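Down below is the structure, laid out as structure tokens.
Order of the sequence lines fixes the chain letters, A, B, ..., with proteins taken first and strands second; residue numbering starts at 1 for each chain. Keep in mind the model is a prediction, meaning the values are calculated, not measured.
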2 protein chains.
Amino acid sequence: MTQTMRLYDLAGAEPDRRFSPYCWRTRLALAHKNQTVETIPWRFTEKKAIAASGQTLVPVLVDGDQWVSDSWTIANYLEDKYPDSPSLFGGPGGRALTRYYSNIADGLVRAIFSFVALDILQHVAEQDRDYFRESREKRANTTLETLVSDRDDRLPALRASLSALRLTLKSQPFLAGDRPLYADYAVFGPFQWARCISPFALLENDDPIKQWRNRLLDCFGGLARAMPAYDA
Amino acid sequence: MTQTMRLYDLAGAEPDRRFSPYCWRTRLALAHKNQTVETIPWRFTEKKAIAASGQTLVPVLVDGDQWVSDSWTIANYLEDKYPDSPSLFGGPGGRALTRYYSNIADGLVRAIFSFVALDILQHVAEQDRDYFRESREKRANTTLETLVSDRDDRLPALRASLSALRLTLKSQPFLAGDRPLYADYAVFGPFQWARCISPFALLENDDPIKQWRNRLLDCFGGLARAMPAYDA
């Protein structure tokens, strides 16, 4: 009998507010592979709980006695371990082509952080607040308040930087074509993260990127729509 | 007996200086599909020569009585018309995933233009000079001289904007994995364009993007290396 997989999933003060852009990729990847998973709400400071992974960050997936961390590694693990369920990449060529999407998405997380940083602080668990503020302010080399203060002015540039993504999603429903693959889940992560944590409207309603995001919210029985979020 | 295909290929004052980022994609795509092609040097103002395509821009491919224009349309045409030669996309999933690369590459052309615009002017054919200057200055809303004047200051930002591409090419030899596919040719186009027309060093020599570019220069018997260029 197979044990249900477990996923350590970043949560806020409310255990249901799941807001890691990287964990969201993994959750959709698991759903795509028809895998059921028990998600365990995890806070930034609970490093000990995932120590067996050799990592201090989530997502961390536990599959039997296997601990797998890093969203790209997890996606590849799932693809190879469960070859009979639908491919995340659309084949070997697709796997290599998906790597860039994953890296683009990581860049998007960094870009969007400067818009939602303070909103995140307002949602993290009490025990995570000092850790979050200190580590992120050190990285940003400024206070979270200063970081986001001019976000309205920077919004047009952020939206303009998404033009290739927008153009692509104007011509096809998903990045992978008629159906989503991991490339979609990877790039969806940052938008879902922002949506879960911040009322700030990164995208206009008629933006093809937002319409694509909404299509992904509908996937897998509305899995990503079911959790606490803004504009839900 | 099959007729050799013809490709209208943007040329400078020297007929061998081929510098369209979009034509380069097509040339590598044709080589990938094992298709021989006669390239016809074409200048910006020779609109009549390609009028049969319904287009005023190159690449324009003539295959028997078929006129095909637009680099993405041409790539799809070649993939469908010549299914027995190596796939440009690595299959149907790969085709959809490649669209974003093509759009990213178009954005790169716009970004790089503000670095090499004046160098292009110095290489275009005499009959194209006024057309090129007028059309591009109108689009840029400034003179070509002013446009490029601060390029040294803007170079770090351009290089930083390529971080996801760089990271990807650090972990795999080509965007499509161990061998290049159309995604590689699409993104290669802007770099080859700049290389053909400008001595300005967009990339550092130890940049994984430059090393990838050099690998593509070696493909197909050095096809893209064989034409007049800088740092060849």
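Interface check for chain B: of the options G90(A), A176(A), G93(A), S163(A), the most heavy-atom pairs under 4.5 Å are formed by A176(A). Heavy-atom pairs under 4.5 Å with chain A peak, among R99(B), R166(B), R179(B), at R99(B).
To the nearest 0.5 Å, atoms CD1 (I104(A)) and OH (Y101(B)) are separated by 8.5 Å. Here CG of N103(A) is found 4.0 Å from CG of L167(B). Values are rounded to the nearest 0.5 Å. The CH2 atom of W72(A) lies 8.5 Å from the OG atom of S171(B); values are rounded to the nearest 0.5 Å. Atoms CG and OG1, from L175(A) and T98(B) in turn, are 11.5 Å apart once rounded to the nearest 0.5 Å.
Annotation: K81(A), atom NZ; neighbour count of heavy atoms from other residues, nucleotides and ligands within 6.0 Å is above 12. Atom NZ of K47(A) has more than 12 neighbouring heavy atoms from other residues, nucleotides or ligands inside a 6.0 Å radius. Other residues, nucleotides and ligands contribute at most 12 non-hydrogen atoms within 6.0 Å of the CG atom of D178(B).
Residue L169(B): no heavy atom, backbone or side chain, is found under 4.5 Å from chain A. Contact annotation for F174(B): neither backbone nor side-chain heavy atoms come within less than 4.5 Å of a heavy atom of chain A.
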